[in-house]
Amino acid sequence: YAVRGNTPTSYTRGGRLVRIDYGQRDAAADNSTPPLRVTLGYDVRCLAGATACTTYSKTKWPDTPYDQICSGTETCTGLNAPTFFTRFMLTSITTKVRAGTTYAGVDSWDLTYDFLDSGTAADGVLVLKEIVHSGLVGGTKALDPISFTYAQLDNRVDRLTDGYSPLPRWRVRTITSETGQVTTVNYSPQECTPSTLPTPD
């Protein structure tokens, strides 16, 4: 970003956890190989099917602040403060146990996503679509997916004449489990209208 508006300066804007090792004894934590491990996999938050995801645009990166990305060869004009975000989404979690000098998979969870249109200038909101749990011992066996549906609700009272968006956001509406059980989430109705705002508003 441009420090004091004129000096391009690098910084670490985000990070992601890729592995968890555990199961060691306190006295041997620094010099023993951990018996248990969790690995996490990621993919870029780029629309499926979009080509050249290494270039940034609203079309390809709808929910990433692509306009805040500045490479070391740019002057970063107008980017006068650091911003913190990730370009990645979590796509897999795998638990493992040490088997000799390697690690063997025990369970995995695969996560798939969807980009839902918010109907505003910030189209393309990333939401979790499904989670698939698989057993990895003695072969691979996947359960039916846990799936999610969403309902769109406004985040502010819309005056209609003030030129501002009602800030519609997607919220979890239903969760369907591996066994087909459906959990439905209900939300209370809107409490205010433009003519019945609390004072002060």
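Heads up: numbering here begins at 1 and tracks the sequence.
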So how far is it from [X] [atom1] to [Y] [atom2], rounded to the nearest 0.5 Å?
{"X": "L79", "Y": "C70", "atom1": "CG", "atom2": "SG", "answer": "5.5 Å"}
{"X": "L116", "Y": "K129", "atom1": "CG", "atom2": "NZ", "answer": "9.5 Å"}
{"X": "R173", "Y": "T184", "atom1": "CZ", "atom2": "OG1", "answer": "6.0 Å"}
{"X": "D114", "Y": "L47", "atom1": "CG", "atom2": "CG", "answer": "9.5 Å"}
{"X": "L36", "Y": "Q24", "atom1": "CG", "atom2": "CD", "answer": "9.5 Å"}
{"X": "K141", "Y": "S134", "atom1": "NZ", "atom2": "OG", "answer": "9.5 Å"}

Under 4.5 Å between side-chain heavy atoms, counting indirect links through other Ile/Leu/Val/Met/Phe/Trp/Tyr residues: same cluster for [X] and [Y] or not?
{"X": "V3", "Y": "Y11", "result": "yes"}
{"X": "I93", "Y": "L17", "result": "yes"}
{"X": "V18", "Y": "I20", "result": "yes"}
{"X": "L128", "Y": "L143", "result": "no"}
{"X": "Y42", "Y": "I131", "result": "yes"}

Side chains of I146 and E178: closer than 4.5 Å at any heavy-atom pair?
yes
Check whether any side-chain heavy atom of V38 sits under 4.5 Å from a side-chain heavy atom of K96, and report yes or no.
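In short, these two side chains do not touch, never coming nearer than 4.5 Å.
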Evaluation steps, side chain to side chain contact (heavy atoms under 4.5 Å, CB included), between L153 and Y187
CA-CA 9 Å; L153 299 173; Y187 297 91; 3.7 Å; yes
Considering non-hydrogen atoms only, spot the tightest contact between [X] and [Y] and give its length.
{"X": "D117", "Y": "Q152", "result": "O-NE2, 3.6 Å"}
{"X": "A104", "Y": "A99", "result": "CB-CB, 4.4 Å"}
{"X": "Q190", "Y": "C192", "result": "NE2-O, 2.5 Å"}
{"X": "Y113", "Y": "L126", "result": "CB-CD1, 3.5 Å"}
{"X": "D158", "Y": "P194", "result": "O-CG, 3.2 Å"}
{"X": "R45", "Y": "T86", "result": "CD-O, 3.7 Å"}

N/O donor-acceptor pair under 3.5 Å between [X] side chain and [Y] backbone:
{"X": "T12", "Y": "G14", "value": "no"}
{"X": "T91", "Y": "G41", "value": "yes"}
{"X": "E74", "Y": "S71", "value": "yes"}
{"X": "Y150", "Y": "R169", "value": "no"}
{"X": "S177", "Y": "T179", "value": "yes"}

Under 3.5 Å, is there a donor-acceptor pair between the T75 and T77 side chains?
yes
Candidates T95, V132, T94, L40 - the one meeting side chain to side chain contact (heavy atoms under 4.5 Å, CB included) with W109:
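Testing W109 for a side chain to side chain contact (heavy atoms under 4.5 Å, CB included) against T95, V132, T94, L40 leaves exactly one candidate, T95.
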For T174 and T149: C-alpha separation, side-chain torsions, deciding distance, then whether side-chain hydrogen bond (donor to acceptor under 3.5 Å, both in side chains) applies.
CA-CA 5 Å; T174 64; T149 66; 2.4 Å; yes
Tell me, yes or no, whether the heavy-atom count around Y164 atom OH, taken from other residues, nucleotides or ligands under 6.0 Å, exceeds 12.
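For Y164, atom OH is not crowded (no more than 12 foreign heavy atoms under 6.0 Å).
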Take V44 and W61 through the side chain to side chain contact (heavy atoms under 4.5 Å, CB included) test and state the conclusion after the steps.
CA-CA 9 Å; V44 292; W61 298 84; 3.6 Å; yes
Within 45 degrees of the axis of the six-membered ring of F84 and under 6.0 Å from its centre: does R13 put its NZ or CZ there?
no
Taken in chain and number order and not counting sequence neighbours, the residues that satisfy ring-ring contact (aromatic ring centres under 6.0 Å, His included) with Y103 are none
Who passes side chain to side chain donor-acceptor pair (under 3.5 Å) against S188, sequence neighbours left out?
none
Between D154 and R156, is there a side-chain N and carboxylate O pair less than 4.0 Å apart?
no
Should R37 and R98 be marked as a side chain to side chain contact (heavy atoms under 4.5 Å, CB included) after you check the CA-CA gap, both sets of side-chain angles, and the distance that decides it?
CA-CA 8 Å; R37 174 170 288 178; R98 192 177 73 225; over 6 Å; no
All side chain to side chain contact (heavy atoms under 4.5 Å, CB included) counterparts of I69, not counting sequence neighbours
Y56, F85, R87
Going through the distances and angles, do D63 and F115 end up as a side chain to side chain contact (heavy atoms under 4.5 Å, CB included)?
CA-CA 9 Å; D63 78 331; F115 283 96; 3.7 Å; yes
side-chain hydrogen bond (donor to acceptor under 3.5 Å, both in side chains) evaluation trace for T9 with T7:
CA-CA 6 Å; T9 303; T7 306; 5.7 Å; no
